[in-house]
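Remarks on the structure that follows.
In what follows, every heavy atom counts, from backbone to side chain, and hydrogens, waters and symmetry copies are set aside.
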Amino acid sequence: MRDFPSCFGENGVQVADSTSSGVFRSTAQNLVTCVYSCKLGGKSCLIIITWSKNLVGQCLSVEIDDWMNQCLCKFDIKPWLFAKRKGSKSFEINSIEVDAYWDLSLAKFGSGPEALEGFYLAVVFNGEMVLLLGDMRKEAFKKTNATPGFYNAIFITKKEHIFGKKLYVTKAQFWDNGQNHNLSIECDTVSTDDPSLAIRIDSKTVMQVKHLRWKFRGNQTILIDGLPVEVFWDVHNWLFGPSFGNAVFMFQTCSSAEKLWSGQPFFDSSALLSPSSQNFREFKLQGLGFSLILYAWKNE
């Protein structure tokens, strides 16, 4: 097991200062960002889908960036506004039209910000379906008159904020067309002098770290669906940081994830925070598969 302080350092996981912690925590609890890699006109781009939820309701943000840290287009869909629960929007990128279509009028949501079923979100480029989310695929193709794209968008990263006291739960799908798993992280840092960390997949313990005060950062390989997944963790803020600090966990599907850390004296943790940053692009260009990044915040 190797430490990775250069990646998840004390400053790396501190995403909000004390003056804004209360505001950030309420927002972070209901924020999920999904990043897809795609080809638009032969050029590599990122489609960034952000689901959020606050006291007013749900919001969906769609952003398309190139690999030079330039936002090509961005817009927000606010489903609680009836007029915008179904619609479309057009943009022009590199002199070619990009169309986004959505139908959230029958969407069902769980406790989190993401729509679970009864919806579609489609991105069409030059008449081809680049990205299609949701279970209403037939309705989406009928509405858009698009043809299946030659280059389908690839799901490369999901970043999610989760809250709990000592148990943090979410759902995760690590492979294309793979099983949707229940993922739980259990860590009690209050009622014991020697805290430990346990990670479970579908209620089965797949990883346990004892003496966490000495092993608050590290990585370990586990098996999910019979395939290797590298788990990185940093719980420094839970143990030694301010009460509003968060822990960071990353699940990397590629068996060669070790290459990311070997031979690199420093890796800027901002790569895990901004999908349009230079380090993030270099990180994903290494072909390291899918990454699930969890920011775990304690409910006091």
Side-chain angles (χ1 to χ4, degrees), residues 7-8 12-16 21 23-37 46-54 57-63 107-117 119 121 133-134 153-176 178-187 197 199-202 206-207 222 224 229-235 237-238 244-253 269-277 280 283-284 288-299:
C7 174
F8 292 112
V13 297
Q14 190 61 47
V15 293
S21 61
V23 175
F24 184 82
R25 287 178 65 190
S26 62
T27 302
Q29 185 179 9
N30 292 286
L31 181 68
V32 174
T33 299
C34 300
V35 184
Y36 301 83
S37 174
L46 294 175
I47 301 178
I48 304 166
I49 308 295
T50 301
W51 301 84
S52 59
K53 181 181 179 181
N54 53 36
Q58 270 91 2
C59 182
L60 174 60
S61 173
V62 180
E63 178 179 346
K108 295 181 180 180
F109 295 84
S111 59
E114 289 182 281
L116 302 178
E117 60 180 332
F119 80 101
L121 170 65
L133 305 180
I154 301 173
F155 193 13
I156 59 174
T157 301
K158 181 175 182 179
K159 298 190 289 185
E160 181 176 356
H161 294 263
I162 54 178
F163 269 47
K165 290 187 176 180
K166 65 176 183 179
L167 183 65
Y168 307 81
V169 297
T170 187
K171 289 185 175 292
Q173 181 179 345
F174 295 92
W175 323 97
D176 289 339
Q179 181 181 349
N180 200 20
H181 294 282
N182 293 315
L183 187 156
S184 65
I185 299 170
E186 185 173 0
C187 183
L197 171 71
I199 294 179
R200 298 181 178 89
I201 302 293
D202 299 326
V206 295
M207 194 187 92
I222 64 175
I224 300 178
V229 173
E230 195 77 4
V231 181
F232 299 85
W233 71 89
D234 183 339
V235 298
N237 276 358
W238 278 357
F244 56 82
N246 68 298
V248 182
F249 299 86
M250 182 170 73
F251 298 78
Q252 171 59 252
T253 60
S269 62
S270 64
L272 302 180
L273 303 177
S274 173
S276 59
S277 69
F280 183 92
F283 168 59
K284 298 314 300 180
L288 292 177
F290 173 76
S291 300
L292 171 64
I293 302 171
L294 300 176
Y295 302 91
W297 300 80
K298 282 189 174 296
N299 271 330

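The backbone N or O of Phe119 sits nowhere less than 3.5 Å from a side-chain atom of Glu117 that would complete a donor-acceptor pair. With hydrogens and angles ignored, the 3.5 Å screen pairs a side-chain donor or acceptor of Asp202 with a backbone N or O of Asn182. When atom types are taken as modelled, the side chain of Thr50 and the backbone of Ser61 share no donor-acceptor pair closer than 3.5 angstrom.
Residues Lys159 and Thr157 have side chains in contact (heavy-atom distance under 4.5 Å, counting atoms from C-beta outward). By the 4.5 Å heavy-atom criterion applied to side chains, Leu294 and Phe251 are counted as neighbours. The shortest side-chain heavy-atom distance between Ile48 and Thr33 falls under the 4.5 Å cut-off. Between Leu133 and Phe155 there is no side-chain heavy-atom pair separated by less than 4.5 Å. The closest side-chain heavy-atom distance from Leu31 to Pro113 is not below 4.5 Å.
In this structure, CG in Leu183 is found 5.0 Å from CZ in Phe174, a value given to the nearest 0.5 Å. With values rounded to the nearest 0.5 angstrom, Phe249 atom CZ is found 6.0 Å from Ile199 atom CD1. Going from atom NZ of Lys53 over to atom OG of Ser111 covers 7.0 Å, rounded to the nearest 0.5 Å. Taken from SG in Cys187 to NZ in Lys166, the straight-line distance is 10.5 Å, to the nearest 0.5 Å. Atom-to-atom distance recorded for Trp51:CH2 and Cys59:SG is 10.0 Å, nearest 0.5 angstrom. With rounding to the nearest 0.5 Å, the separation of CD1 in Ile47 from CD1 in Ile156 is 10.5 Å.
Between Ile222 and Val206 the shortest heavy-atom distance is CG2-O, 3.5 Å. Contact between Cys34 and Lys158 at its shortest, heavy atoms only, is SG-CG, 4.1 Å. Taking all atoms of both residues into account, the shortest heavy-atom contact from Leu292 to Ala172 is CD2-CB, 3.7 Å. When all heavy atoms are compared, the tightest approach of Glu160 to Val32 is CG-CG2, 3.7 Å.
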Checklist entry - Between Leu197 and Met207, is a side chain to side chain contact (heavy atoms under 4.5 Å, CB included) present by the stated rule, with each step listed? => result CA-CA 8 Å; Leu197 171 71; Met207 194 187 92; 4.3 Å; yes
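In summary, Glu114 and Lys171 do not engage in a salt bridge, as defined by a charged side-chain N under 4.0 Å from a carboxylate O.
Checked against a 6.0 Å centroid threshold, the rings of Trp238 and Tyr168 count as neighbours.
By the salt bridge (Lys or Arg N to Asp or Glu O under 4.0 Å) test, Glu186 pairs with Arg200, sequence neighbours left out. With sequence neighbours left out, the side chain to side chain donor-acceptor pair (under 3.5 Å) criterion links Tyr36 to no other residue.
Ring geometry, Tyr295 versus His161: the interplanar angle falls under 30°, so the pair is classed parallel (tilted spans 30 to 60°).
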